[in-house]
Amino acid sequence: MCGIIGARVEGDATPFLLDGLARLEYRGYDSAGIAVRTRDRALTVSRSTRRIDVLREQVDALDRDGLTGVGIGHTRWATHGAVTEANAHPHLDCGRRIGVVHNGIIENADALRTMLSAQGHVFRSDVDSEVIAHLVERTLALEPDLLVAVQVATAHLEGSWAIVVLDALSGRMVAAAERSPLVVARAAAGDFVASDVGAIAAWADTFVALRDGDAVELADAWVWTSGGMIVPPPIPQPSPFAAAALDLGDHADHMAKEIAEQPEVVAGLLDRRAAAVADGRLWTDLGLPGFHRLAVLGCGTSLNAGAVIASMLRSTGRVPTDLIVASEADRAVLAPGTLILAISQSGETADVLRALDRFDGRFPVLALTNNLHSSLARRADAVLDAHAGPEIGVAATKTFTAQVVVGVLAMLSALVTSGRIERRQAQSLVGEMHRLPGLLEGAYQASATRIPLLVTSVSAATGFLFLGRGGALPFATEGALKLKELSYRWAEAYPAGELKHGPLALVTEGTPVVVVDNGEPRLQANIAEVAARGGFVITIGGDDADIPAVGQEAGRRRLRAARSADRLPGLDAWGPLEAVVPLQMLARELALQLGCDVDKPRNLAKSVTVE
Ligand code: F6R
């Protein structure tokens, strides 16, 4: 969603601002803008409702000689107010002295706007963020210190914000945050501020994340305040974005690269975590109380990853689970003894954070996130790092797989600690998980050869069905989500047995129906129902499948033998994780054949910071 960049460098700030904005593009945006201080102490503002490249052309046409090295930039993902240049950031005060970029939501913006308008302030946009510029302007009339003025102004705000305020008169720049991420960094090229470390990865090796209530002046020596008190600046941390992570290598796009990285990501996770599962250390190190029930909280792909983890916990440990769509959490009723597992790759998803507000500290919260500096990580009682590395493609791929593996390992460790499974059983289950990198790689190779041709046969279809049973169902759901968000085609996932209760009406001659075949014998009858109506069945499964990517022939045999058993061993209980690879590749290939941008699908954001 929205992104922030600020720079305080020698020379001209615009190349840094534009490059930073380009690196924020992956979060999704519909307008962008920059404001740079000029030598004659004014602000030059450029905004566009088109791509960063267009903004770059606009900026190239400016008289760059008069610009200084101090500026701010923003990518906006519209929530309040239409996509117009006037609504794009930066926003200015009446005197055009103060420039502001803002992420988050000012909940009392209407009341503040009414109050400020009554005092003579003139608004130029429809967006909540503009009130901040006018509040700072009003405060500066009485208090000349920008750092103090920003603190006074933010004391009037309700909601969430990450802001950077630039004063054209003094050239001072202040950043402040409350429930919205913001980082600052000192690098050889100068000082930077950004909503996402990735935006400044090219210049900064270390960074410091602002905590709620922090305000920082980026000056020769940083002035750091916390809750209004001056405090020493925190020690910078190494940036997780090695420059190499942004390099595409031989891949055509970030999504392709991130799909291909999954075997390596999983191998790395097993190296890091597997040894601490069977003796319970992985769980006990988290310092959480025991639990009788698990409530998984998340949205989109993270919720699907949670469904896989929950499926493992039920089938292997007989632990009851709830799956809570975060935006619907106010209707959830949790039993005593519940542990909340909140899953979010970004750790900034507003629906998840707001759901935790609703549970109000009554249940322990374990966060599973790819961002240890996120709001979610900061407010949870314990944190599991998904360790997927930077994911630049907006659609989640390797973070899904990493979340599943880390979540399953942690839950297995909890099962040992609570005596629900024997240490030896945990050891054998973890042993089976060591097959995963090979299974993922095999699925990748099989899909690379088969998927392009298969997709050509279905690229004209307007809708797709995805089916699965038992442990395969969350993967079918993830496959449908990936396909719709990337290719903009309708896609729905159903438990295969539900098909005959209504959705079969959708199947006509040529309707593509993707079946995640985990060897469940009853799937064959469901496939026959589709075929009888002329549906175009694509099976992702074992050796006899259209895409032979599920490497568990032994498991399939066990499954058949176990027909009515509800307790299945090993990976079969919650897999096939490797099926996600062809599902991701199917969605990507269809999107490419339809001419869609796979790294930046429309209307999708990497970090969804609104409810
Ligand atoms: C799917 C996707 C979204 C996210 C969802 C939750 O590719 O990108 O469905 O999974 O917005 O995001 P996080 O995991 O950041 O909470």
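In this text, all values refer to a predicted model and were calculated from it rather than measured experimentally. The residues of the chain are indexed from 1 along the displayed sequence. Note that ligands are numbered from 1 as they come in the structure, with each ligand's atoms numbered from 1 the same way.
Looking at T399 against ligand 1, nothing comes within 4.0 Å, counting heavy atoms. Residue-level proximity to ligand 1 for T301 is carried by backbone and side chain together, each with a heavy atom below 4.0 angstrom. Contacts between K482 and ligand 1, counted as non-hydrogen atom pairs separated by less than 4.0 Å, involve the side chain only.
Residue, atom and distance of the protein heavy atom nearest to atom 7 (O) of ligand 1 are E485 OE2, 2.4 Å. Shortest contact from atom 11 (O) of ligand 1 to any protein heavy atom: V608 CG2, 3.8 Å. In this structure, atom 15 (O) of ligand 1 lies nearest to the protein heavy atom S346 OG, 2.6 Å. Atom 14 (O) of ligand 1 has as its closest protein heavy atom S302 OG, 2.6 Å. Here the heavy atom of the protein found nearest to atom 5 (C) of ligand 1 is C299 O, 3.8 Å. The protein heavy-atom contact nearest to atom 12 (O) of ligand 1 is T349 OG1, 3.6 Å.
Electrostatic pairing of R379 and D357 counts as a salt bridge here, judged by a charged N lying under 4.0 Å from a carboxylate O. Using a cut-off of 4.0 Å between Lys/Arg side-chain N and Asp/Glu carboxylate O, D212 and R378 are scored as salt-bridged. Comment: K398 does not engage E258 in a salt bridge, judged by the lack of any side-chain N to carboxylate O separation of less than 4.0 angstrom. Ion pairing between a basic and an acidic side chain is recognised when a charged N comes within 4.0 Å of a carboxylate O; E328 and R358 show no such pairing.
Every atom of ligand 1 is numbered from 1 in the order shown, and the set under 4.0 Å from a heavy atom of S344 is 13 (P), 14 (O), 15 (O), 16 (O). In the vicinity of V394, heavy-atom distances shorter than 4.0 Å reach the ligand 1 atoms 8 (O). For ligand 1, the atoms lying closer than 4.0 Å to a non-hydrogen atom of A395 are 7 (O).
Every heavy atom of D351 sits 4.0 Å or more from the atoms of ligand 1.
Under the 3.5 Å distance criterion, the side-chain polar atoms of D381 are matched with a main-chain donor or acceptor of V365. Under the 3.5 Å distance criterion, the side-chain polar atoms of T338 are left unmatched by any main-chain donor or acceptor of L334.
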Quiz prompt | Verdict with reasoning, K482 to T301, per side chain to side chain donor-acceptor pair (under 3.5 Å) | solution = CA-CA 8 Å; K482 224 54 345 159; T301 291; 3.0 Å; yes
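For the residues G298, G300, G306, the heavy atom positioned nearest atom 9 (O) of ligand 1 is part of G300.
In this structure, a donor-acceptor pair under 3.5 Å is present between the side chains of R314 and T321.
Seen from the ring of W283, R273 does not count as a face-on cation partner, given the 6.0 Å and 45° thresholds.
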